[in-house]
Each structure stands twice: as structure tokens, then as C-alpha cells.
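Below is one structure, written out as C-alpha cells, with a few remarks after it.
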Amino acid sequence: MATTFTLRLFRGDAKGGTFRDYPVESEEGMVVLDLVHRVQASQAPDLACRWNCKAGKCGSCSAEVNGQPRLMCMTRMDLFQPGETISIAPIRTFPIIRDLVTDVSYNYVKAKQVPPLRLKPPEADGTYRMMQEDIDRIQEFHKCIECFLCQDVCHVIRDHEEKKTSFAGPRFFIKIAGLDMHPLDTVDRSRFMKDAAGIGLCNITKCCTEVCPEHIHITDNGIIPLKERLADEMDPVVWLLRKFRGVKPKTNA
Amino acid sequence: MATTSHETHEHDVIVIGAGGAGLRAAIEAAAQGASVGLICKSLLGKAHTVMAEGGIAAALGNVWPEDNWQVHFRDTMRGGKMLNNWRMAQLHAQEAPDRVLELERWGALFDRTKDGRILQRDFGGHRYARLAHVGDRTGLEMIRTLQYHGIHQGIDVYMECNVQRLLKDGDRVCGAVGYWRKDGEIVVFKSKAVVLATGGIGKAWKVTSNSWEYTGDGHSLALWAGADLIDMEFVQFHPTHMVWPLSVAGLLVTEGVRGDGGTLKNNKGERFMFNYIPEFFKAETADNIEEADRWYTDKKNNRRTPDLLPRDEVARAITAEVKAGRGSPHGGVFLDICTRRPADYIRKRLPSMYHQFKELAGVDITREPMEVGPAQHYVMGGVRVDADSTASTVPGLFAAGECAGGMHGANRLGGNSLSDLVVFGRRAGLHAALYAKNFGGQLAVDRGQVESAARDLLEPLERSGSENPYTIQADLQQSMHTLVGIIRNEADLKQALAKLEVLKERAKKVRVEGGRTYNPGWHTALDLKSLLTVAECSAVAALERKESRGGHTRDDHPYTDDQWGKVNVVLRLRNGALQVSREPLPEMPEDLKALFKERQ
């Protein structure tokens with residue numbers, strides 16, 4: 001049942017490189033990452049590629065397969081026509097290290113900037129109560145496997161290196177949303193969201209949502225509510241109303 | 001040879017491995033005021049903990065108030081066929097609830113009970129529903145929580161950095177040598193204490209749920225540094241993994257499927273687990289379908305379903321069914337939840353399972369049964385440690401998580417791994433920091449040791465030879481699969497050891513193409529050394545233990561032998577040779593022994 005495909009793999013580093021073709025056999029049920037491993041084992045042992053779980057859970061094997069940002073481990077070969085040539089390139093938004101591996105340290109820098117959770121005091125017994133319906137939404141954000149495909153396709157940074165300093169990207173918008181909507185959190189991240197994370201730069205084209213392998217509604221459930229809240233924060237009427245109702249504002253990050 | 005250009009980093013404590021145990025250790029050591037370096041082979045947050053599905057075991061008593069640490073302790077010891085280090089099992093059961101609540105304080109969002117507390121689910125070998133969980137992606141929640149808490153604690157993280165050798169100053173460890181995957185440059189860590197948290201050894205087997213990282217690094221680093229390993233014969237073959245398509249064989253199917261009502265069936269549609277209830281668990285296991293099904297909702301008046309016997313029992317039963325010709329088309333058995341629970345419930349409780357079968361096998365688990373079979377999943381054996389401090393037998397060297405031995409005895413219960421990581425990760429960080437604090441003298445890094453490690457590192461790039469590292473790895477995996485699998489015997493084990501000798505020789509002739517920049521061929525070649533070491537340890541220990549117990553089954557010694565129940569098989573390296581000995585287990589105090597005399 002073996003079918004032969006040609007993998008057109010980017011080989012190169014920061015200095016430059018080129019696509020090279022590797023004929024490789026695929027068997028029933030295989031995914032792109034299986035074929036990349038076959039190339040490594042038999043034709044190009046030094047082919048650089050990141051992977052860990054091969055189960056769509058660790059988010060390491062992101063690449064652009066025929067121009068589409070995808071997890072190689074979750075891309076089945078039966079998506080392609082037998083004999084097809086399949087191009088695989090590193091994700092473009094981040095600097096290349098070698099072959100399919102890029103330097104994603106931008107994401108780790110941004111991660112550290114997000115003001116962390118600070119919880120309310122617990123109940124008398126020292127534990128917390130949270131209702132399932134109050135955390136359903138945040139649990140959706142927690143499904144994120146940090147594959148950074150959403151960061152890869154984000155227009156704000158994909159072709160604008162200079163924006164990276166002032167923009168956190170969709171992955172961190174849902175991180176912020178997860179913290180912000182946590183029923184027990186006490187931190188106000190509005191200023192951070194607006195200034196350091198640059199959420200205003202996002203023009204909700206939903207490209208991030210489209211590529212998310214976990215099917216997280218990044219734009220609708222994360223970014224838009226954050227933008228709305230930010231708009232409310234800046235609205236004097238809402239501010240007065242809150243004052244009137246006696247809602248205690250969150251402390252600033 | 002000019003190999004010594006390298007960078008050096010100095011810390012009070014270095015932690016090798018950044019899964020649950022490593023992250024928790026680093027957080028604790030930092031909290032004690034130590035300067036901490038956390039070193040990981042992959043990017044932060046990608047460690048194998050991410051793959052854990054079903055939950056973290058802790059006697060919170062949220063669902064069953066009857067639950068408490070004594071019951072958890074007893075379940076753990078019985079699951080481990082009484083070979084566990086009792087003190088580790090006790091500390092684990094006592095401290096797990098605090099560690100779970102701590103994760104919640106750090107941002108983990110576990111599924112909730114109706115009154116807003118942490119929900120707990122049933123799992124194999126646990127008397128009560130005990131596993132705090134987030135659907136079937138608990139490991140992801142745990143690692144993300146620890147990761148995002150950890151990055152604000154002043155810990156230096158060294159990502160994609162692979163440690164190859166520990167450095168010694170006299171008897172004690174004083175650091176480590178490794179390389180950066182990114183550019184192949186050599187890096188030296190100088191530290192007063194070292195915590196090993198490198199996980200398991202699964203990549204020595206062909207069909208495993210483990211990722212490429214699980215090459216037994218910590219086990220090997222410890223052994224080479226003079227530490228003892230125990231229980232290396234006990235390897236867990238988790239009963240349920242995908243068996244088809246072949247490319248995903250070994251992908252884990254959580255025990256939570258059975259915890260949530262799924263049952264195992266053979267090709268005749270029989271719930272065969274009722275035929276495999278061992279004497280040891282007879283009193284607490286339902287022997288008929290009606291009682292087993294009632295047990296899910298009424299634990300007081302019914303005994304547990306045999307579908308949730310400990311993993312070693314279920315794995316053996318599946319193997320026997322397949323061997324008897326009652327298996328599924330692709331050589332497994334059927335796991336059915338679709339006829340037992342509504343589709344919405346399945347999608348809510350088991351979203352990853354739904355997703356993974358749908359996307360990788362084209363199977364809708366809300367409509368069809370899954371095909372599952374056993375695969376290598378976990379190693380119970382590891383570095384011999386002091387229960388309270390996690391100190392190994394080498395001063396300054398600590399170990400926690402899967403690479404430490406003793407906690408799980410001959411077989412680990414599901415859910416006890418995530419709790420092990422945080423309970424003993426914390427203890428390792430604490431005691432490593434205290435050790436560093438009390439360390440009076442000056443550390444001296446011996447240039448010769450660094451040079452020698454550096455030479456070993458660069459050899460595969462420079463030597464003449466024709467062996468391909470991937471081929472050797474595949475041959476090793478095949479040998480271990482056929483000769484050191486679920487069912488072992490003396491002839492097979494001896495043959496495995498002979499094959500390992502050949503593979504060791506071949507590994508010396510590995511030559512890799514390309515340079516030092518992110519070169520997986522080179523990395524695979526370097527990992528062979530630890531992989532071959534742990535494979536040998538496992539085979540040697542398996543040959544030594546002439547009985548069947550937990551994750552070690554010998555068809556030439558099919559019975560459990562009380563005499564063997566009193567000893568650990570201990571391995572240590574002396575003058576370059578692997579020594580094997582049988583050493584007595586620590587004696588359990590009377591008050592704990594009494595817990596086993598009560599009827600269930």
C-alpha cells in the first residue's frame with residue numbers, strides 16, 4: 001500500500017538555503033512528520049526539525065506545508081494526491097536556525113512580560129470555589145499547546161519585524177484573556193494590554209483562529225472581549241457606573 | 001585537542017529536565033533563595049509531562065469524603081505489589097493534596113464539582129475517584145501552570161541544552177557538561193547541587209508512548225557518576241494505546257476512558273477482564289457485569305470493575321486475549337465507550353481522545369469502539385534516593401520524578417505520576433537548596449573531565465566509521481521490543497544482552513554528516529550512549545529477578561515469590577563494570593503495616 005511522495009524540504013540557515021527534493025514512501029495512516037523522519041533516517045540524517053510528542057499535544061513541529069502553517073504530526077498524508085510534491089518550509093515569522101527549525105525566543109520574551117495571576121484570599125478552609133460555567137471559557141484558552149502557528153500567521157508581525165517589540169501576538173492575547181477572566185484574579189492588565197502588548201494593532205482578520213490546531217476561538221472568545229473591555233475602561237460613563245455600583249477595580253499590574 | 005572553548009554558568013543548584021518534577025524542583029530551590037539553572041533538552045513547556053492525560057492522584061476527598069492519605073497509601077503499595085519504598089509512598093499520599101491545591105493557586109483550572117471544588121475521577125487501582133483532572137489534558141495544564149509560575153521566580157532557563165556528563169569533585173558532584181542543540185557549542189555548569197529530573201527510558205523500545213527525549217539520560221548520568229539504580233526490571237506497559245494506523249501505534253489512550261465508563265472487549269464482544277482477576281485483588285474486584293456497572297455510582301456497596309485493575313494486570317490480560325486469537329483486526333482489543341456513555345459526555349470528558357482518533361485514525365469514538373493495545377509507557381526503576389530528601393547515594397546529587405526509583409515499586413498506578421512529580425520535585429528542590437546552602441567548601445571543576453566529555457561529544461562528527469545512528473537506535477528498539485517486552489524469560493534476556501554488546505560496539509563506529517548546528521543525526525548519536533546504558537540495566541535486572549511481579553513478568557518464573565518481595569535489585573558501576581546485587585527493602589513500621597490487615 002506504499003505510495004511515493006516527493007518532499008521538497010527547505011535546507012539552509014540564516015545565511016541562505018534552497019529547497020531540495022526527497023522521494024519518500026508513505027504507508028497507510030502516515031502523517032507528514034513520519035515522512036520527514038524517514039528522510040532523516042535514510043537520506044539526510046542532519047535534517048533539522050523539532051518534534052516531541054507526535055500527537056498534537058506539545059506544539060513543537062510547526063511548519064509551513066504547501067504554504068499552510070500546520071503541525072506536521074497532525075497532517076495526514078491522505079490529504080495529498082499520490083505522487084504529489086509537498087513543500088515544507090520553516091515558519092516564516094521567526095528567524096531561521098537551520099532547515100525547519102526557527103528561533104522562537106520572541107515568544108518566551110513576551111511570555112515573561114505578561115503580569116501573572118494574583119488571587120483573592122481563599123475561603124475559610126484555605127481552598128477556593130469556582131463554578132464550572134465560570135471557567136469553561138478559560139479552559140478553552142488553556143488548551144493552547146504553544147505551537148506559535150497563530151503568531152506565525154499574524155499580519156502585525158509576519159512581515160513587520162519592527163512591530164515585535166510592541167506587540168505580543170494572539171498566543172499572548174489569549175494568555176492575558178485567560179488570566180483576566182479567571183474568577184479569582186485581582187490584577188488589572190489594561191495598561192499592559194494596550195501599551196506593551198499592543199492589542200490595538202490587531203485588526204481581527206482571524207487568521208490566528210483559522211490555523212489553531214486546538215480550534216481555540218482566539219479572536220471571538222479572546223481578543224474581541226479584551227478589546228471591548230479595554231474600550232469600556234476608557235469610557236467615562238462605564239467608569240462612573242462602576243464607581244456607583246461599588247465594583248472594586250482590579251489593582252494595576 | 002582544542003575542544004575546551006566553552007561557556008561556563010555557575011549556580012547553587014542546577015536542575016536537569018524541565019517537566020513537572022524539574023520545574024517544581026527549580027521553583028522550590030529558588031524559593032529557598034538558591035540561584036537556580038533549569039536545563040532542558042527541548043523548548044520550555046514541551047517536556048513529556050505535557051502528554052499526561054487522565055489526572056493527578058490526590059486524596060482530596062472532594063467526591064468521596066471517605067478518602068484519605070492512608071487509603072491512597074494502601075492503594076499505591078498494593079498497586080506496586082508491596083515493593084515500593086514505603087516512606088516515599090507515605091509522603092506522596094500525604095503531600096499530594098497540598099501540591100494539587102498549590103497548582104490551583106498558581107493558576108491551574110481543574111474541572112469542578114457541582115459545589116465548585118476540584119472534581120476527581122476514577123482510575124485503575126484507586127479505591128475512590130481520586131484524580132484531579134482537566135478533561136484528558138491534565139499534563140498540559142500542569143506543565144503550563146508550573147512554566148508560567150516558574151518564569152517569574154528568577155530561574156535561569158537553558159533551553160535546548162543537552163547534558164552529557166556530570167562533573168565530580170572527589171566524591172561529590174560539582175556540575176555538568178553539555179551542548180547547545182542550536183549551535184553545538186559546549187557548555188559547562190558549575191553547581192553545588194544537581195537535581196536530575198530527566199524522565200524515563202521509553203525510547204529503548206519500539207512501541208512506546210514516550211517522546212524522543214526519553215533516552216534515560218538521568219538514569220545514565222547518575223549511574224556513571226557512581227549512584228545506585230534500583231528496580232530497573234520494572235517497566236510499565238500501559239494497556240491502552242492506539243494500535244492503528246501503524247504510524248500512531250503507541251499513542252496513549254487514557255485510562256480515563258475506563259475511569260469514565262469505557263470497557264474492554266474482545267472480538268466476540270466479551271468483557272474479558274472478568275476472566276483475569278488475580279487472587280491478590282479478588283476481594284476488592286467485581287466478578288460480574290452488574291456489580292461492576294453499579295460500582296461507578298455506588299462504591300460503598302459494590303466492588304471495582306476489573307476494567308480498572310492496575311495497569312500490569314490489564315496489559316497482561318490484553319496480551320493473552322490477542323495471543324488466543326480473540327483480538328481486534330489490528331492486533332489489539334476493543335475499548336468501548338460509545339455504547340456506554342452519551343456522545344456529549346464523551347466529547348466533554350475526553351476531548352483529546354475524540355480529537356486524536358478522529359484526526360489520526362478516522363474513528364469517531366462516540367460511535368465506534370477504539371482499537372487499543374499495550375505499549376511501553378513508564379519505568380518504575382530509577383535512581384535510588386532517600387525518601388525524605390531525594391538525595392542519591394552520591395553527595396550533591398538528587399533525583400525526582402520518573403528517573404527516581406522506589407516510589408512506585410513494581411507497578412505504578414495511573415495518576416500517581418503527576419503527583420509524584422510535584423511531591424518529590426518540591427522535595428528535591430528544597431533539599432538541593434539546603435545542601436547548597438550548607439556547603440562550606442570551594443568547588444573545583446576538573447579540566448580533564450570537561451576535556452574528556454568534550455572529546456566524546458565531538459567524536460561522531462570526526463571519526464571515520466559508517467554506522468548510521470538512526471539504524472542503531474531502530475535495531476536497539478527492535479531487540480528490546482522482542483526480547484525485553486511484557487513477557488520475558490532467561491533465554492530471551494541473555495540474547496538481548498548479547499545483542500546489546502554488539503550494538504555497543506557498533507555505536508562506537510557511528511559517524512554523522514553535517515556540522516554542529518542543530519544536527520539531529522548527531523544528537524541521536526549522542527543519545528545512544530545513555531539509551532544503550534539503560535537498556536542494559538533493564539535487561540540485567542530483569543534477568544536477575546526470577547519471579548513475576550508487577551511490571552516484570554517471566555514465563556519461566558510465572559509466580560510471585562515472597563522472598564523476592566523483600567529485596568530490590570540494585571545496580572551500580574564499579575571500575576567500569578555493572579554490578580548487580582539484591583538488597584533488602586526498608587522495613588515498614590507497624591502502624592502502616594496495620595493498614596494492610598484491615599479488610600477493604
Side-chain angles (χ1 to χ4, degrees), chain A residues 13 27-31 33-34 37 40-42 44-60 74 76 78 97-99 101 103-105 108 111-112 114 116-117 119 122 126-132 134-135 138-139 142-146 175 178-179 182 185 214-215, chain B residues 42-48 50-51 101 104-107 109 111-112 114-119 134-135 137 139-141 144 148-149 151-152 157 159 182 211-213 244-248 251-252 351-352 355-356 359-361 468-471 474 512-515 517-522 524:
Chain A
D13 53 28
E27 274 140 71
E28 193 178 8
M30 279 196 165
V31 293
L33 186 60
D34 287 310
H37 283 161
Q40 274 184 333
S42 56
D46 63 333
L47 169 67
C49 133
R50 269 197 194 104
W51 71 285
N52 280 54
C53 74
K54 202 174 167 287
K57 293 198 173 94
C58 76
S60 302
M74 295 301 279
R76 287 175 58 148
D78 55 15
I97 294 175
R98 187 158 173 261
D99 301 342
V101 175
D103 176 357
V104 291
S105 53
Y108 289 89
K112 216 166 170 172
V114 179
L117 199 66
L119 296 192
T127 68
Y128 289 98
R129 299 287 182 281
M130 284 182 267
M131 291 300 143
Q132 185 63 44
D134 296 331
I135 62 165
I138 326 171
Q139 284 187 326
H142 282 210
K143 280 160 58 185
C144 173
I145 58 172
E146 298 203 326
K175 177 71 198 167
L179 295 166
H182 192 297
D185 180 52
E214 286 294 316
H215 312 298
Chain B
S42 289
L43 297 172
L44 188 64
K46 309 296 185 194
H48 206 59
V50 100
M51 300 282 292
L101 295 172
E104 180 164 87
R105 283 200 299 281
W106 293 348
L109 288 168
D111 290 348
R112 317 305 296 180
K114 287 207 167 60
D115 64 344
R117 298 192 296 164
I118 295 171
L119 181 61
V134 188
R137 50 165 197 86
L140 173 67
E141 186 74 9
R144 218 48 99 226
Y148 277 87
H149 182 74
I151 56 176
H152 298 291
V157 182
M159 287 194 244
K182 181 180 164 180
S211 80
W212 71 268
E213 294 191 284
W244 184 88
L246 271 184
S247 72
V248 292
L251 193 51
L252 180 64
S352 296
H355 187 75
Q356 112 189 9
E359 301 214 357
L360 294 172
N468 175 332
Y470 297 100
T471 312
V512 292
E513 291 171 30
T517 309
Y518 218 110
N519 183 344
W522 181 38
T524 304

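What you see below is based on every heavy atom in this structure, not just the backbone, and it leaves out hydrogens, waters and symmetry mates. The structure displayed is predicted, hence computed values, not measured ones. Lettering follows sequence order; numbering is per chain, from 1.
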Checklist outcome for this item: Whatever's closer than 4.5 Å to a heavy atom in chain B on A/K175 counts as side chain

Next on the checklist: What part of B/E213 gets within 4.5 angstrom of chain A, counting heavy atoms only: side chain, backbone, both, or neither?
Outcome noted: side chain

Checklist entry - For chain A, which of B/M51, B/Q356, B/H149 has the most heavy-atom pairs under 4.5 Å? => result B/M51

Checklist outcome for this item: Nearest heavy-atom approach of B/S247 to A/M30 is OG-CA, 3.5 Å

Next on the checklist: Treating A/Q139 as the side-chain partner and B/L109 as the backbone partner, does any N or O pair qualify as donor plus acceptor under 3.5 Å?
Outcome noted: yes

Checklist entry - So, the side chain of B/K46 versus the backbone of A/E146: is there a donor-acceptor pair under 3.5 Å, distance only? => result yes

Checklist outcome for this item: When the 4.5 angstrom heavy-atom criterion is applied to A/L179 and chain B, the contacting part is neither

Next on the checklist: As an exercise: rank B/V50, B/V248, B/L360 by heavy-atom pairs under 4.5 Å with chain A and give me the winner.
Outcome noted: B/L360

Next on the checklist: Is B/L101 close to chain A through its backbone or its side chain, or both, or neither, when contacts mean heavy atoms under 4.5 Å?
Outcome noted: side chain

Checklist entry - Is there a donor-acceptor pair under 3.5 Å between the side chain of A/Y108 and the backbone N or O of B/L44? => result yes

Checklist entry - Roughly how far, to the nearest 0.5 Å, is the CD atom of A/E28 from the CG atom of B/L246? => result 8.5 Å

Checklist entry - What part of A/N52 lies closer than 4.5 angstrom to a heavy atom of chain B: side chain, backbone, both or neither? => result both

Item to check | Short side-chain to backbone donor-acceptor contact, B/N468 and A/A41, under 3.5 Å | outcome: yes

Checklist entry - Between A/H142 and chain B, which part of the residue has a heavy atom less than 4.5 Å away: side chain, backbone, both or neither? => result both

Item to check | Selection from A/K112, A/R50, A/H37, A/K143 maximising heavy-atom pairs under 4.5 Å formed with chain B | outcome: A/R50

Item to check | Side chain B/Y470, main chain A/P45, donor-acceptor under 3.5 Å | outcome: yes

Next on the checklist: For A/L119, I'd like to know if atom CG has over 12 heavy atoms of other residues, nucleotides or ligands within 6.0 Å.
Outcome noted: yes

Next on the checklist: So which atom in A/R98 and which in B/Y518 form the shortest heavy-atom distance, rounded to 0.1 Å?
Outcome noted: NH1-O, 3.0 Å

Item to check | Contact origin within A/V104 toward chain B - heavy atom pairs under 4.5 Å | outcome: side chain

Next on the checklist: Restricting to non-hydrogen atoms, name the atom on B/W212 and the atom on A/W51 that form the minimum distance, rounded to 0.1 Å.
Outcome noted: NE1-O, 2.5 Å

Checklist entry - Parallel, tilted or perpendicular: which fits the ring planes of B/H355 and A/H215, with parallel below 30° and perpendicular above 60°? => result perpendicular

Checklist entry - Heavy-atom distance under 4.5 Å to chain A: side chain of B/Y148, backbone, both or neither? => result side chain

Checklist entry - Who among B/D111, B/I118, B/T524 has the most heavy-atom pairs with chain A under 4.5 Å? => result B/D111

Checklist entry - Backbone N or O of A/D103 within a donor-acceptor pair of the B/K182 side chain at under 3.5 Å? => result no

Checklist entry - Could you give the distance from SG (A/C144) to CG (B/L140), rounded to the nearest 0.5 Å? => result 8.0 Å

Checklist entry - With only heavy atoms counted, which part of B/A361 is less than 4.5 Å from chain A, the side chain, the backbone, both or neither? => result backbone

Checklist outcome for this item: One option among A/V31, A/D185, A/D99, A/V101 has the most heavy-atom pairs under 4.5 Å with chain B, and it is A/V101

Checklist entry - If you tally heavy-atom pairs under 4.5 Å against chain A, which of B/G514, B/P245, B/P520 wins? => result B/P520

Checklist entry - chain A: which of B/R137, B/R117, B/E359 shares the most heavy-atom pairs with it under 4.5 Å? => result B/R137

Checklist entry - Which bit of B/E513 is near chain A, if near means a heavy-atom gap under 4.5 Å: side chain, backbone, both or neither? => result both

Checklist entry - So, does B/R112 use its side chain to make a donor-acceptor pair with the main chain of A/M130 at under 3.5 Å? => result yes

Item to check | Region of B/W106 that comes under 4.5 Å of a non-hydrogen atom in chain A | outcome: backbone

